[in-house]
Number of protein chains: 2
Amino acid sequence: MTTLENVAKLAGVSTATVSRTLNTPEQVESTTRAKVTDAIAKTGYKRNEMARTLASQSSRTIGLLTDTFSSSYFSPILEITTKILHQHGYFTLVEAMGSTPSTTSSETQNRAWHSLTSRQVESVILLSGLINDDLLRRMFSEFPSSVIIGQTIKGAEDRCVSFDHYKGGQLAAEHLLKKGHRQIAMIKGSSYREDSVERAQGFKDELAANNIKLDADAIFEGDYTVDSGRAATKKILKKRDNFTAIFSHNDDMAAGAISELHIAGVDIPNKMSIIGFDNSAIAQAVHPQLTSISQPIKAMGHSAAILALNLSKSQRNKNEFEQPQLRFSPEIIERHSVKQLNTVAEQ
Amino acid sequence: MTTLENVAKLAGVSTATVSRTLNTPEQVESTTRAKVTDAIAKTGYKRNEMARTLASQSSRTIGLLTDTFSSSYFSPILEITTKILHQHGYFTLVEAMGSTPSTTSSETQNRAWHSLTSRQVESVILLSGLINDDLLRRMFSEFPSSVIIGQTIKGAEDRCVSFDHYKGGQLAAEHLLKKGHRQIAMIKGSSYREDSVERAQGFKDELAANNIKLDADAIFEGDYTVDSGRAATKKILKKRDNFTAIFSHNDDMAAGAISELHIAGVDIPNKMSIIGFDNSAIAQAVHPQLTSISQPIKAMGHSAAILALNLSKSQRNKNEFEQPQLRFSPEIIERHSVKQLNTVAEQ
DNA sequence: ATGAAAGCGCTAACAC
DNA sequence: GTGTTAGCGCTTTCAT
């Protein structure tokens, strides 16, 4: 392991000079800079980021904390955030906390959090989803440079990147209504998730505004997996035979629904329409391709990264970033899973 | 920021003692241990892993280097490796290098590598895929404690976790043959990927062993995306009308194929059978559910993690792990996308 | 069983 | 523009 000191000796300068040519090259004369650069090349020197962190009291790293690595949000968020952070000389550290409060030991959660903070992250990006998760909120409050994607926390709105789930639900209802659907079933997500209750509420309210009531027996619960969508659909088919459309709270469950409908011989969209949520990769892979409410994940990740950078210690840098967009709106991506029903005056 | 020294003062002991009660509690008397534990609780002390790394000359962290974070392998591998590494007090650091040699600047690649090594990772798990990637191989050779998932490198077989892609190709062919198929198209992956060429070779060889030739005009190329599967399938349908089956080099492309066949009104599996590769999540989400060659990703990740741990510096630990399985075999997961053709004596 | 002290590799005043 | 030096927070001999 070559150290700064080795390089310094070889170049015939002090360690400070080597450090300078590495960090602020403009402060060192070009001739000495050349000597140093040479020595670095010869020795194959690589700086030790750990020592650097300790000495400079700044780690130039930002944590990304998710519920589970298999979440469909995780990869795109990780991709965009690392890209941006790298552009600014920052590293990313990832940890997972477990998908639900109950499923995960608080030990796991604490370990994840500790793993991040003990490594001196300057900010952490919380990938939310869990509601009632006191821990998450506590982390958010206790770590003043953390930002959160997915919910808005009172009194700290400027650290929250959020999405209008309520409006997303409305949009889904509006679309189905416009297409003439009146008998609609909903496959919702866990009641633990705030986003899911908001989606449900927006959907219900929009229907209600059009004098349509979403009956309790038209609501089915899933856990965001393909299989749970399949199971819910089985129940839907058993329950009543006059539904013409299904609103699913995510695309995976919608895919399960589609699969189950195929098996039951129900034609999509002619006998049953379906609309998903998230516009994730799977929406384009199923047949018919799924109409879905899109959440601009990448853009939200982008905002979060900028926010995190702004809040970082090392960000004593003169050039601050412009304040990024914090609130994002849904958009409907029409594909081929919703049918225009023949005009019928009333349900 | 409370430091070890603060804790030591409050407890009325030396920093060494605090350090010991943290790392080797059995070496400190229970009464003093209690004092220290108290002080730690009172101050809310969290150890600084960076300083610890520097002082102990071991980072207890292992790098995971992938081509892209959106790879379908990445999440499951990350999930299993972090789980195992955590169990042994290790952290995981992730980086992405870019998906193909051409698509990515060598700067990006070097940055990724540097990000890992400069942070003193004790081992790195390379998630392979790229062939001809000198850089990857160079990293592997230059970093004696690195391990690789996905290919076997001569002279370092004990650091390689690999999968028998050739046999996978054979298995696919054997299955199709057994089901009576003779006119078969193949959607292969990039020729840059060794795994893909092996899959193709195994497939061809098995067909040849049964006196069936896979003509050049029955081979179509994709890039592992759903869309490329769709595009390839368009070509297949245009090319000839007597294919009865398609072998796709991954499930995403197979999903694209299924989608395109649906659009073209080709019944699956009655008019066209299809078999995928990887047995990834999407295989269960499409309709009909996809028969696929499974790659035991989780098990492979497990092996890699154990291997990495064994090669780590800090692993001066007395208790070594048993040598994990290094070579994995394919398995066919039958679902509903391949039809048993009515017995026809000859093609 | 515990303490003193010397670093780990680097940065950042502060001098020159 | 460059060198000297004092740490950053911890671990780890080496004494006691």
Side-chain angles (χ1 to χ4, degrees), chain A residues 1-37 39-40 43-61 89 91 114 117-122 313-314 316, chain B residues 1-37 39-40 43-61 89 91 114 117-122 313-314 316:
Chain A
M1 209 24 345
T2 13
T3 70
L4 238 202
E5 203 177 340
N6 298 329
V7 176
K9 251 168 210 154
L10 208 165
V13 298
S14 74
T15 61
T17 299
V18 179
S19 178
R20 283 190 199 102
T21 97
L22 245 26
N23 301 317
T24 51
E26 66 279 8
Q27 286 180 27
V28 27
E29 216 192 17
S30 62
T31 68
T32 52
R33 204 191 312 162
K35 282 191 294 183
V36 173
T37 314
I40 288 177
T43 54
Y45 168 76
K46 296 277 187 300
R47 55 146 74 98
N48 182 330
E49 285 293 335
M50 307 306 234
R52 197 152 115 93
T53 294
L54 190 57
S56 68
Q57 292 292 78
S58 66
S59 63
R60 280 149 298 240
T61 115
F91 299 113
H114 177 246
T117 54
S118 69
R119 305 222 274 160
Q120 317 299 109
V121 294
E122 297 182 15
K313 275 192 289 190
S314 318
R316 32 185 157 203
Chain B
M1 200 45 327
T2 14
T3 71
L4 240 202
E5 203 177 340
N6 298 328
V7 176
K9 253 168 209 151
L10 206 165
V13 298
S14 73
T15 61
T17 298
V18 180
S19 177
R20 283 191 199 101
T21 98
L22 246 26
N23 301 316
T24 51
E26 67 280 7
Q27 285 181 26
V28 27
E29 216 192 16
S30 62
T31 67
T32 53
R33 204 192 311 164
K35 283 191 293 184
V36 173
T37 313
I40 288 178
T43 54
Y45 168 76
K46 294 280 189 294
R47 55 144 78 94
N48 182 328
E49 284 295 335
M50 306 307 236
R52 198 153 114 93
T53 295
L54 190 57
S56 68
Q57 293 292 74
S58 65
S59 64
R60 279 150 298 240
T61 115
F91 301 112
H114 178 246
T117 54
S118 68
R119 307 223 273 158
Q120 317 300 107
V121 293
E122 297 182 15
K313 275 193 287 189
S314 319
R316 32 184 158 202

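Values in this document were obtained by computation on a predicted structure and should not be read as measured data.
No donor-acceptor distance shorter than 3.5 angstrom exists from the side chain of A/Thr53 to the backbone of B/Met50, with no hydrogens or angles considered. Under a 3.5 Å cut-off, the side chain of B/Gln120 and the backbone N or O of A/Glu49 do not form any donor-acceptor pair.
Contact annotation: A/Asn23 reaches the phosphate of C/dT11 (side-chain N/O to OP1 or OP2, under 4.0 Å). Between A/Gln57 and D/dG7 there is no side-chain polar atom (N or O) within less than 4.0 angstrom of OP1 or OP2.
Between the C1' atom of D/dT11 and the CE atom of B/Met50 lies a distance of 17 Å, rounded to the nearest Å. Going from atom CG of A/Leu22 over to atom P of C/dT11 covers 7 Å, rounded to whole Å. Distance, A/Glu26 CD to D/dG1 C1': 13 Å, rounded to whole Å. Distance CD (A/Gln27) to C1' (C/dA13): 13 Å, rounded to an integer number of Å. What separates CD of A/Glu29 from P of D/dG3 is a distance of 11 Å, to the nearest Å. For the pair B/Glu49 CD and D/dT11 C1', the interatomic distance rounds to 12 Å; values are reported in whole Å. One interatomic measurement links the two molecules: CZ of A/Arg52 to P of D/dC10, which rounds to 21 Å at whole-angstrom precision. Note: CG (A/Leu54) to P (C/dC10) measures 12 Å, nearest angstrom.
Between B/Val36 and B/Val28 the shortest side-chain heavy-atom distance does not fall below 4.5 Å. Contact of the A/Asn23 side chain with the A/Ser19 side chain is registered, since non-hydrogen atoms from C-beta on lie closer than 4.5 Å. Between A/Glu122 and A/Ser58, the closest side-chain pair of non-hydrogen atoms falls below 4.5 Å. Put simply, the side chain of A/Arg33 reaches to within 4.5 Å of the side chain of A/Pro25, judged on heavy atoms.
Nucleic acid contact class of B/Thr32 (heavy atoms, under 4.0 Å, all strands): sugar-phosphate only.
For the contact set between residues 3-20 of chain A and DNA chain C, defined by any heavy atom under 4.0 Å, the members are A/Thr3, A/Leu4, A/Ala16, A/Ser19, A/Arg20.
Looking at which nucleotide of DNA chain C each of B/Arg33 and B/Ala55 is closest to, the 5′-most match is held by B/Arg33.
The side chain to side chain contact (heavy atoms under 4.5 Å, CB included) test with A/Val7 is passed by exactly one of A/Leu22, A/Thr37, A/Thr43: A/Thr43.
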